[in-house]
Novice: 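Starting off with a structure, shown below.
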Number of protein chains: 2
Amino acid sequence: MSLRHALLGLLVDRTASGYDLLKLFDTSLANVWPATQSQIYAELNKLADTGLITIATEGPRGRKQYTITGEGLAELRHWLTETEPQRNVRSEVLLRVFFLGVVSRDQARSHLTELAAGFTQEENALRELESDIEWDEGDLSVYGRIALEYGLRFNAMRREWAEWAAGQVR
Amino acid sequence: MSLRHALLGLLVDRTASGYDLLKLFDTSLANVWPATQSQIYAELNKLADTGLITIATEGPRGRKQYTITGEGLAELRHWLTETEPQRNVRSEVLLRVFFLGVVSRDQARSHLTELAAGFTQEENALRELESDIEWDEGDLSVYGRIALEYGLRFNAMRREWAEWAAGQVR
DNA sequence: TGCCTCATGTAACCAGTTACATGATTAC
DNA sequence: GTAATCATGTAACTGGTTACATGAGGCA
């Protein structure tokens, strides 16, 4: 049920249509919780049905501008403070590493060095993103920076690990 | 389509029934690619239908002992060397951090320190796992260790990040 | 005899992806 | 006028979870 909370979270700071939210997902949440257009529109209708958001204004082209309700904000706070995040274990990268014994040592080693290269690239992409964002003093900036810092550290760790792992294959 | 490759990978080193594989998932793959019983049995039937595995022997209680076929091994190698791993972005932990602005600073800070504690616990659990396994000189041990090392580094990185992040919230 | 473990399967449901469909408004 | 963008929706499918169902074999 995280998508609904992501939508609620975005609606705290602004009023927005499905179309607006879709773009917000593609920019600010792309690396944290990606969502597709069909998913967003469906979930918004459910949220409106249960009263966690409401249509503030209707614009041209059937545009529906949503606002979060008191109930919605309460639900968001409840999710943040009262519920446990379910840890995300599945890793296709690790699954592949686990079975590298079925290919040659050379192939295994190059698999690992390619992984390292990919992580370096991701790290660079995040650094670029970091410099593109205009950070201000608001809460969103504080927590956005913290989330981005996670990405940077994560990729650095993975790169170092993949390099070390390539060295282990002899 | 990773579940099928996980099953193929496990069948490289042994012949096993669905029941055996279920237990293997719960032990060796629990932290990499968890799977449920219903999923495993369904996928095994599909794999047998497409000839990637076959029934070697049938035992008591309807037990079906599967072996990987030449085709199956080829498919596993193809997956490992020719296809790209799809990177796993969704992180509920990060999503929550992103929206910590809706709760008080105190609540946000304690959320982050609780995260740090959870990561420490996971790290300890992995260390225990590490000492429980009897590592030999085989490929599975080499790559198993590499996967486990990833887990250790990952949790250390997350712990340090969460501690740093708690300090950022003032 | 009766309980535990072994062993497989199915059905309903939820979340997410891809693709298709439709139409209004704006800007050139 | 027409092309790009705004804007919403639906349908089919895939992968995964939870729960239910059933029965055989081993052991005390």
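The basis for the numbers below is simple: all heavy atoms, side chains too, and nothing from hydrogens, waters or symmetry mates. A, B, ... follow the sequence lines: proteins, then strands. Residue 1 opens every chain.
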Novice: Would you say the side chains of R96(A) and T83(B) form a donor-acceptor pair under 3.5 Å?
Specialist: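 The criterion, which ignores hydrogens and geometry beyond distance, is satisfied for T83(B) and R96(A).
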
Novice: Using a heavy-atom cut-off of under 4.0 Å over every strand shown, decide if R90(A) touches base, sugar-phosphate, or nothing.
Specialist: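 Result for R90(A) = sugar-phosphate.
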
Novice: Starting from P on dA15(C), measure out to CG on L44(A) and report it in whole angstrom.
Specialist: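 From L44(A) CG to dA15(C) P: 15 Å.
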
Novice: For the pair made of NZ in K46(A) and C1' in dC13(C), what is the distance, rounded to whole Å?
Specialist: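 The distance from NZ of K46(A) to C1' of dC13(C) comes to 11 Å, rounded to the nearest Å.
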
Novice: Nearest whole angstrom, please: distance from the C1' of dC6(C) to the CZ of R63(B).
Specialist: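 Going from CZ in R63(B) over to C1' in dC6(C) covers 9 Å.
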
Novice: Please report the distance, rounded to the nearest Å, between CG in L29(A) and C1' in dG16(C).
Specialist: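 My rounded result for the distance is 16 Å.
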
Novice: Side chains of V93(B) and F98(B): does their closest heavy-atom pair fall under 4.5 Å?
Specialist: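 A side-chain contact under 4.5 Å is absent here.
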
Novice: How many angstroms lie between atom CZ of R77(A) and atom CG of L8(A), to the nearest 0.5 angstrom?
Specialist: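 One finds 12.0 Å between CZ of R77(A) and CG of L8(A).
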
Novice: Quick check: are there more than 12 heavy atoms from other residues, nucleotides or ligands sitting under 6.0 Å from CD of Q168(A)?
Specialist: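 Check passes, neighbour count above 12.
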
Novice: With a 3.5 Å cut-off and no angle check, do the side chains of Q65(B) and R63(B) form a donor-acceptor pair?
Specialist: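 Indeed, the side chains of Q65(B) and R63(B) share at least one donor-acceptor pair under 3.5 Å.
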
Novice: Less than 4.5 Å apart, any side-chain heavy atom of W79(A) and any of M1(A)?
Specialist: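 Side-chain contact under 4.5 Å: no.
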
Novice: Once you round it to whole Å, what is the distance between P of dG16(C) and CZ of R4(A)?
Specialist: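 These atoms are roughly 12 Å apart.
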
Novice: Between CG of L44(B) and OH of Y19(B), what distance do you get to the nearest 0.5 Å?
Specialist: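 Reported value, rounded in 0.5 Å steps: 15.0 Å.
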
Novice: Going 5' to 3' along DNA chain D, which are the first and last nucleotides with any atom under 4.0 Å from a heavy atom of chain A?
Specialist: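 On DNA chain D, the outermost contacted nucleotides are dT5(D) to dT17(D).
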
Novice: At under 4.0 Å between heavy atoms, how does the protein contact nucleotides 23-28 of chain C? Give one character per nucleotide, 5' to 3', with B, S or -.
Specialist: -BBS--

Novice: What distance separates Y66(B) OH from L11(B) CG, expressed to the nearest 0.5 Å?
Specialist: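 The CG atom of L11(B) is 9.5 Å from OH of Y66(B), to the nearest 0.5 Å.
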
Novice: Need to verify one output field. Residue with the more 5' nearest nucleotide on DNA chain C, S38(B) or T36(A)?
Specialist: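 Looking at DNA chain C, the more 5' nearest nucleotide goes with S38(B).
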
Novice: I need the residues from residues 13-25 of chain A with at least one non-hydrogen atom less than 4.0 Å from DNA chain D; give them sorted by number, or say none.
Specialist: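 The stretch gives S17(A), G18(A), Y19(A) as the residues lying under 4.0 Å from the strand, ordered by number.
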
Novice: Quick check: are there more than 12 heavy atoms from other residues, nucleotides or ligands sitting under 6.0 Å from CZ of R14(A)?
Specialist: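 Counting neighbours around CZ of R14(A), more than 12 heavy atoms of other residues, nucleotides or ligands fall under 6.0 Å, so yes.
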
Novice: Just how far, in rounded Å, is C1' of dT18(C) from OH of Y41(A)?
Specialist: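 Atom-to-atom, Y41(A) to dT18(C), this comes out as 17 Å.
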
Novice: Tell me which of M1(A) and Y66(B) sits closer to the 5' end of DNA chain C, going by the nucleotide each one is nearest to.
Specialist: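 The answer here is Y66(B).
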
Novice: Rounding to an integer number of Å, can you tell me how far I40(A) CD1 sits from dA15(C) C1'?
Specialist: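 Going from I40(A) (CD1) to dA15(C) (C1'), I get 14 Å.
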
Novice: Check for me whether the distance between the ring centres of F154(A) and F154(B) falls short of 6.0 Å.
Specialist: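 Ring centres of F154(B) and F154(A) closer than 6.0 Å.
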
Novice: So do R158(B) and E123(B) actually touch side chain to side chain, heavy atoms under 4.5 Å?
Specialist: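 They are not in contact (no side-chain heavy atoms under 4.5 Å apart), so the answer is no.
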
